[in-house]
Every structure is written in structure tokens, then in C-alpha cells.
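Note that this is a predicted model, so its numbers are computed, not measured. Order of the sequence lines fixes the chain letters, A, B, ..., with proteins taken first and strands second; residue numbering starts at 1 for each chain.
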2 protein chains.
Amino acid sequence: MNKMNKYFLSENNVPFQDYFNFGLSVDCVVFGYVGEEIKVLLVQRDAEPFLGNWALPGDLVPLDEDLADSASNVLQNLTGLENIFMEQFYTFGAVDRHPAGRVATVGYYSLVKSDNYHPIASSWVKETEWFSIKDLPKLAFDHDQILEKAVSTLKSRVKYRPVGFELLPTKFTLLELQALYEALLDYKFDKPNFRKKILSMDLLVQLDEVQANVSHRPAKLFQFDEMRYIELRKEGFAFDITVKG
Amino acid sequence: MNKMNKYFLSENNVPFQDYFNFGLSVDCVVFGYVGEEIKVLLVQRDAEPFLGNWALPGDLVPLDEDLADSASNVLQNLTGLENIFMEQFYTFGAVDRHPAGRVATVGYYSLVKSDNYHPIASSWVKETEWFSIKDLPKLAFDHDQILEKAVSTLKSRVKYRPVGFELLPTKFTLLELQALYEALLDYKFDKPNFRKKILSMDLLVQLDEVQANVSHRPAKLFQFDEMRYIELRKEGFAFDITVKG
DNA sequence: ATTACTTATAGTATTTTTTACTTTAAGTTT
DNA sequence: AAACTTAAAGTAAAAAATACTATAAGTAAT
């Protein structure tokens with residue numbers, strides 16, 4: 001690190017190097033949707049500090065790794081999945097948030113389809129488990145706070161971006177979509193009107209397939225059309241499923 | 001920092017201390033509104049690197065200072081203002097973004113009322129100046145990218161939160177408010193309809209005062225009612241001035 | 001097979017909101 | 001007092017959201 005000191009000096013008589021003792025970490029909030037409930041993937045720590053406690057999957061960022069790369073690397077190490085929707089939501093930097101030193105952590109969240117997701121416990125993780133966001137254990141570090149922020153971010157973003165589809169299987173029925181949005185927004189929709197609203201957006205492709213193994217009239221299956229969404233956005237379309245207070 | 005090493009070891013044979021050589025900085029994007037244009041406050045650097053270049057006001061975070069405190073401290077040092085709306089928007093962590101070492105930076109933005117704002121150049125700043133966001137110089141570091149993200153964040157948040165009022169003087173006319181939103185959203189509103197929409201939200205208090213020194217019928221002055229907004233939010237009210245594509 | 005039952009899906013009518021536009025009011029300047 | 005400028009209120013048409021009804025298409029039991 002001999003490129004330090006070449007440039008500027010601190011104004012407070014603090015030696016320049018003293019500013020370079022931060023640790024930087026990423027914490028990933030992985031959301032899933034199972035059994036009509038929004039779930040989050042937690043890991044049980046097999047290392048100090050907070051040994052045995054549940055925590056968000058996260059780790060320190062190596063000095064030579066980009067932040068965004070680090071987030072997907074951590075997630076991949078823990079889940080084996082690549083190329084999934086992943087977004088930064090907030091950075092936490094309280095002085096005493098980490099017992100091993102001054103560590104600022106950058107929060108990322110991702111939405112995964114439960115039909116092709118299988119978590120794998122990595123080296124310092126004892127176990128992984130999906131928890132309903134309505135029934136969470138006490139978490140290590142300030143992860144309660146981080147998770148809470150992730151949930152509120154998700155709940156507000158989901159109104160203005162079609163991210164909800166990321167949580168469903170590739171093929172889904174309109175009622176499944178409705179149930180997901182009802183879980184996300186904590187609001188009951190009218191079935192025919194929800195159908196109309198979604199279909200009028202012209203974001204779904206109707207498949208030549210229907211539900212299987214149901215003891216009633218099977219519903220048609222749909223698929224989200226990402227390309228169509230990108231096209232519509234260029235034309236000024238704004239996804240919106242805001243609900244009245 | 002002898003509380004390090006007490007706990008866990010890296011999994012990649014990287015010594016634990018090597019994770020603790022990050023610098024952390026904050027960069028502030030201060031928005032103002034002058035002459036019907038959205039402006040941003042930039043500072044001219046009087047230190048290496050990028051000596052003489054325009055940059056966002058920002059600085060390294062001391063190891064014993066909370067992140068959020070640091071943001072307002074930097075802003076206060078540069079502007080003399082306290083207690084203004086300030087919000088984190090994104091963290092930038094590319095490996096080579098800073099020539100003096102590995103520095104991740106957390107972006108904050110604030111909206112200031114031009115009628116009571118007077119920037120003061122601090123120690124390592126040669127000059128400060130308001131630039132229209134439509135006519136910006138090339139900035140130091142990756143500050144172009146940070147500023148661009150701040151602008152897009154502002155433009156999207158302004159639709160769903162009544163933050164626009166922060167940019168206006170305490171007392172303003174409805175046409176001034178309209179002009180501000182037109183600048184922010186790049187959209188022309190119909191005057192009577194904009195009035196109706198805003199007034200129907202019940203967020204403004206009409207004062208017993210009118211415009212002074214205008215050569216036409218003076219408009220009534222209004223004031224944003226923060227308390228009323230907090231109350232309405234509890235009842236489920238959602239601020240929204242989305243415009244059609 | 002026929003009937004009962006369940007859920008999907010289409011349709012309709014009412015209400016509310018948005019939009020586009022017109023009119024009137026209230027001040028200043030000549 | 002007349003002309004001018006902008007504020008502010010009003011109105012009618014169009015569009016969207018909402019609440020509700022009816023029909024269709026399947027499964028399961030009789």
C-alpha cells in the first residue's frame with residue numbers, strides 16, 4: 001500500500017494510514033416464496049463471534065475484489081446459484097456493529113425461484129434454513145436491522161418494478177401471482193380485477209399449458225416476458241400495483 | 001485493534017488483518033433549486049489527487065465515527081448547515097476507484113432550500129459552486145457515476161415522497177411548486193389540474209400572505225405541513241405524482 | 001352418465017379519478 | 001378607466017379503478 005501518503009494529509013492530525021483500517025463486508029438477504037409465505041435464507045454460524053447463532057449469509061470483502069462481485073461470490077458460495085437478480089439496498093456503518101473491528105457492511109438482496117434453489121452450507125456455516133419473515137429468530141450482529149431494512153425495501157420496490165416474478169416458478173398461474181402479491185403487500189385483491197390489471201400490462205405470455213394434478217378446473221400457465229418489459233419501459237411504461245391505503 | 005484474530009480466520013489462507021485495510025468515505029450530493037434549474041454543489045479540489053478538478057464534497061470516515069454522522073459532518077464542514085434532510089442512496093466499491101488505496105464510498109444526498117444556504121469552502125477546497133445538473137464538468141474519481149446515480153435516485157424518489165418541498169423556500173406559490181416538479185420530472189403539467197392534485201392531498205397550509213413585488217395578481221403563499229404528512233402516512237396515504245409515459 | 005362442486009375466466013355496471021379545457025377573479029401597468 | 005397578466009375556480013368528457021355477476025371448464029361423487 002505504498003501509494004498511500006503520496007497524496008493528501010488529514011486535516012485533524014490523524015495519520016493518513018489510520019483511515020485505512022476498515023473492514024468491508026457484504027450481507028445477502030435471499031428471499032424465497034414457499035407455501036404462500038415470504039421466506040428468507042439464514043445460516044447458522046459455526047464460528048466465533050456469535051457461534052451457533054442464525055445470521056445472514058455474508059463475509060468480508062477481499063481487498064482485491066469489487067464490491068458487486070463479492071456479493072455474488074458470497075451468494076454463490078452459499079447457494080450454488082449464479083446469475084440471479086441481486087441488488088444493493090443499504091450500507092450499515094455504526095462504529096460498534098462488529099466485535100472484531102470496524103466493519104462497514106453493504107446489504108444486497110436477491111429473489112430466487114424456489115423451484116430450482118437448493119442451499120449448500122459452506123465452510124463456516126453449520127446449517128442453512130428458510131425462515132418465514134413473519135417468524136424470525138434473533139440474529140447475530142446487527143442483522144435484525146439489516147433484514148428489516150431489506151424487507152421494507154422489497155415491499156416498496158415490488159410496487160413499482162415487476163420483481164415479484166423472480167420469486168415464482170418460471171410457469172405460474174394468475175392466482176399464484178395474486179397470492180404472492182397479497183403476501184408481499186399484505187392486501188387482498190379482487191380476483192377478476194387483479195387478472196385484468198396484470199393482463200392489461202401485457203407483460204405475460206400465456207403458455208399452451210395448464211396446471212396439472214389439481215382437483216378442479218386447471219388454470220392456464222403464464223410466463224413473465226422480460227424482453228417485453230424492457231421494450232415497454234423505453235416507451236414510458238411504469239409498472240405499478242400500488243394499493244389504496 | 002487487538003480484538004482482531006480473537007475470532008475467526010479467513011477460509012482462503014489470507015491473513016485476517018489483510019481484510020482490514022479498507023478506507024471508507026462519504027460523498028455528498030447536495031441538490032438545490034435556483035432559477036428554475038436543479039443544481040448540485042461541487043467543490044474544486046485544492047489537494048492531490050485530482051488537484052484543481054471539480055468533485056463532490058466528501059471525505060474519508062474516521063475509524064471512530066458512525067457512517068451517518070460522518071455524512072452530516074462532512075456536509076456541515078462544507079456548508080455550515082445542520083439538520084437538513086439527508087439520505088443514503090448507494091455505495092460504490094470498485095477496486096480501483098481511488099488512487100490512494102482501496103476506498104469504498106457511501107453516497108448521500110440532501111436537498112437544501114436556496115434561500116438559506118451559503119456554502120463555505122473548507123480546508124482542502126479551493127472553491128465551491130452550484131452547477132446545473134444539465135451542464136456538469138468532468139469530475140474527479142468516479143464522481144460522475146456517483147452523481148448520475150444520485151440524480152436518478154432523486155428523480156425516482158420525488159414521485160413517491162414529498163421531498164420536493166425541501167428544495168423550495170419555506171413559503172412558495174403553487175406555480176413555483178409546479179415549476180420545480182416540471183424541472184425534476186421533465187414534464188409539463190396542466191396548471192389547474194396540478195393545483196387540484198396537490199391541494200387535494202391536504203399537505204399544504206395556505207398562509208395569510210401573498211407574493212410581493214410582482215407586476216400582476218400576486219399568488220397565495222403556501223407552506224408544507226410536515227406534521228400533517230406524518231399523520232396521513234399513518235392512515236395509509238401514499239404521496240404520488242407519477243406522470244404518464 | 002348425471003349431478004354436485006370447485007375454481008377459472010369473461011363480462012358488466014357503477015363509481016372514482018384523471019384529463020382537457022373554459023371561465024371568472026384579482027391584481028398591476030399605462 | 002382600459003388593457004393586460006396571472007391566479008384560481010369550474011365543468012364536461014374520458015379513462016381507470018372498483019364491485020359485482022354470470023358463465024365456462026374442469027374434477028369427484030352418486
Next on the checklist: Measuring from the side chain of A/K220 (C-beta onward, heavy atoms only), which nucleotide among D/dT18, C/dA10, D/dA8 has the closest atom?
Outcome noted: C/dA10
Item to check | Parallel, tilted or perpendicular: ring planes of A/Y181 versus A/F194, cut at 30 and 60 degrees | outcome: tilted
Next on the checklist: With a cut-off of less than 4.0 Å, is there a side-chain N or O of B/R195 near OP1 or OP2 of D/dA7?
Outcome noted: no
Checklist entry - How would you label the contact of A/L175 with the nucleic acid (heavy atoms, under 4.0 Å): base, sugar-phosphate, or nothing? => result sugar-phosphate
Item to check | Geometric class of the B/F141/B/H143 ring pair [parallel <30°, tilted 30-60°, perpendicular >60°] | outcome: tilted
Item to check | Whole-Å distance separating the CG atom of A/L199 from the P atom of C/dG11 | outcome: 13 Å
Checklist entry - Is any N or O donor-acceptor pair between the side chain of B/K196 and the base of D/dT11 shorter than 3.5 Å? => result yes
Checklist outcome for this item: Picking from D/dA7, D/dC20, C/dT9, the nucleotide nearest the side-chain atoms of A/K191 would be C/dT9
Item to check | Side chain A/R217 and base C/dA8 donor-acceptor under 3.5 Å | outcome: yes
Next on the checklist: Using whole Å, what does the distance between atom P of nucleotide D/dA16 and atom CD1 of A/I198 come to?
Outcome noted: 16 Å
Next on the checklist: Whole angstroms only, please: what is the CZ-C1' distance between A/F194 and C/dT9?
Outcome noted: 15 Å
Item to check | Parallel, tilted or perpendicular: rings of A/F224 and A/F165 (30°, 60°) | outcome: parallel
Checklist entry - Counting any heavy atom closer than 4.0 Å, what does B/V210 reach on the DNA or RNA strands: base, sugar-phosphate only, or nothing? => result nothing
Item to check | For atom CG of A/L221 and atom C1' of C/dT9, their distance in whole Å | outcome: 15 Å
Item to check | Spacing between B/D240 atom CG and C/dT18 atom P, to the nearest angstrom | outcome: 9 Å
Checklist entry - When the nearest nucleotide of DNA chain C is assigned to B/N193 and to A/T173 on a heavy-atom basis, which residue is associated with the more 5' position? => result A/T173
Checklist outcome for this item: Between the CZ atom in A/R228 and the CG atom in A/L203, the distance rounded to the nearest 0.5 Å is 8.0 Å
Checklist entry - A/I241 has an atom CD1; how far is it from atom P of D/dA16, in whole Å? => result 18 Å
Item to check | Spacing between B/L174 atom CG and D/dA7 atom C1', to the nearest angstrom | outcome: 10 Å
Checklist outcome for this item: From the candidates D/dA28, D/dT18, D/dG26, the one with an atom nearest any side-chain atom of A/S215 is D/dA28
Checklist outcome for this item: Against the side chain of A/P192, the closest entry in C/dA10, D/dT27, D/dA9 is C/dA10
Item to check | Considering all heavy atoms, the nearest A/L139-A/A55 contact | outcome: CD2-N, 4.3 Å
Checklist entry - What is the distance from CG of A/D190 to C1' of C/dA10, rounded to the nearest Å? => result 13 Å
Checklist entry - Base, sugar-phosphate alone, or nothing: which one does A/K197 contact when heavy atoms must sit under 4.0 Å apart? => result nothing
